[in-house]
Amino acid sequence: MHILDTAQGCPGRGIAFALFRLHEDGRREQLRAGVTNDDGRTDGWLLAQDELRLGRYEMLYQIGTYFRAAGFPLAEPPFIDEVCLRFSIADAASHYHVPLLVSPYGYTTYRGS
């Protein structure tokens, strides 16, 4: 995981996040939670290769809190408070890198290498 702050042109430092596995029966199982480091990344893999399972996942990022702490004048409630990103793992043997580029008013993601 990697978060880039496109509003300030720097890594997204100190952004709280949580990773969930979405089950077929509607359950949402939290697998990991933490805060990004000074490079806008986690210090290790969110899931080790042997933990990857086929299926749907969700990342939840606390973006409003991050931009408030950075001093951005946000409306209440902010335009983007949380980013909820759902993605799927279709091949457990593949590498999955899901970067997030974010500003107070927009975000984008892609499957990285």
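Note that the structure is predicted; figures quoted are calculated from it, not measured.
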Quiz item: Around atom CZ of Phe87, are there more than 12 heavy atoms of other residues, nucleotides or ligands at under 6.0 Å?
Solution: yes

Quiz item: Counting heavy atoms not belonging to Glu24, are there more than 12 under 6.0 Å from its CD?
Solution: no

Quiz item: Just by modelled atom types, is the Ala92 backbone N or O under 3.5 Å from a matching donor or acceptor in the Gln49 side chain?
Solution: yes

Practice problem: Determine yes or no for a side-chain-to-main-chain donor-acceptor pair under 3.5 angstrom, with Tyr96 supplying the side chain and Asp91 the backbone. | Solution: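 Confirmed, Tyr96 side chain pairs with Asp91 backbone.
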
Would you say that [X] contacts [Y] through its side chain, given a criterion of any heavy-atom pair below 4.5 Å between the two side chains?
X: Tyr66; Y: Thr36; value: no
X: Leu4; Y: Pro99; value: no
X: Leu31; Y: Tyr57; value: yes
X: Val83; Y: Thr109; value: no
X: Thr6; Y: Tyr107; value: no

Could you see if [X] belongs to whatever hydrophobic cluster contains [Y]? Use Ile, Leu, Val, Met, Phe, Trp, Tyr and a side-chain cutoff under 4.5 Å.
X: Ile15; Y: Val98; answer: yes
X: Leu85; Y: Leu52; answer: yes
X: Ile3; Y: Leu46; answer: yes
X: Phe67; Y: Phe79; answer: yes

Atom [atom1] in [X], atom [atom2] in [Y]: separation rounded to 0.5 Å?
X: Arg32; Y: Met59; atom1: CZ; atom2: CE; result: 11.0 Å
X: His97; Y: Arg41; atom1: NE2; atom2: CZ; result: 5.5 Å
X: Phe72; Y: Ile63; atom1: CZ; atom2: CD1; result: 12.0 Å
X: Glu82; Y: Gln62; atom1: CD; atom2: CD; result: 4.0 Å
X: Glu29; Y: His23; atom1: CD; atom2: NE2; result: 3.5 Å
X: Ser94; Y: Ile89; atom1: OG; atom2: CD1; result: 9.5 Å

Ignoring hydrogens, what is the shortest heavy-atom contact between [X] and [Y]? Give both atom names and the distance.
X: Leu60; Y: Phe20; result: CB-CE1, 4.2 Å
X: Pro104; Y: Leu74; result: CB-CD2, 3.7 Å
X: Asp81; Y: Thr65; result: OD1-N, 4.3 Å

Practice problem: Report yes if the distance between the aromatic ring centroids of Phe17 and Tyr61 is under 6.0 Å, otherwise no. | Solution: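 Phe17 vs Tyr61: aromatic centres not under 6.0 Å.
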
Quiz item: In terms of ring plane angle, is the pair Trp45 and His95 parallel, tilted or perpendicular, where the classes change at 30° and 60°?
Solution: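 Plane angle over 60°, so perpendicular.
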
Quiz item: Hey, is Glu51 close enough to Arg21 for a salt bridge, meaning N to O under 4.0 Å?
Solution: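 No, this pair does not count.
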
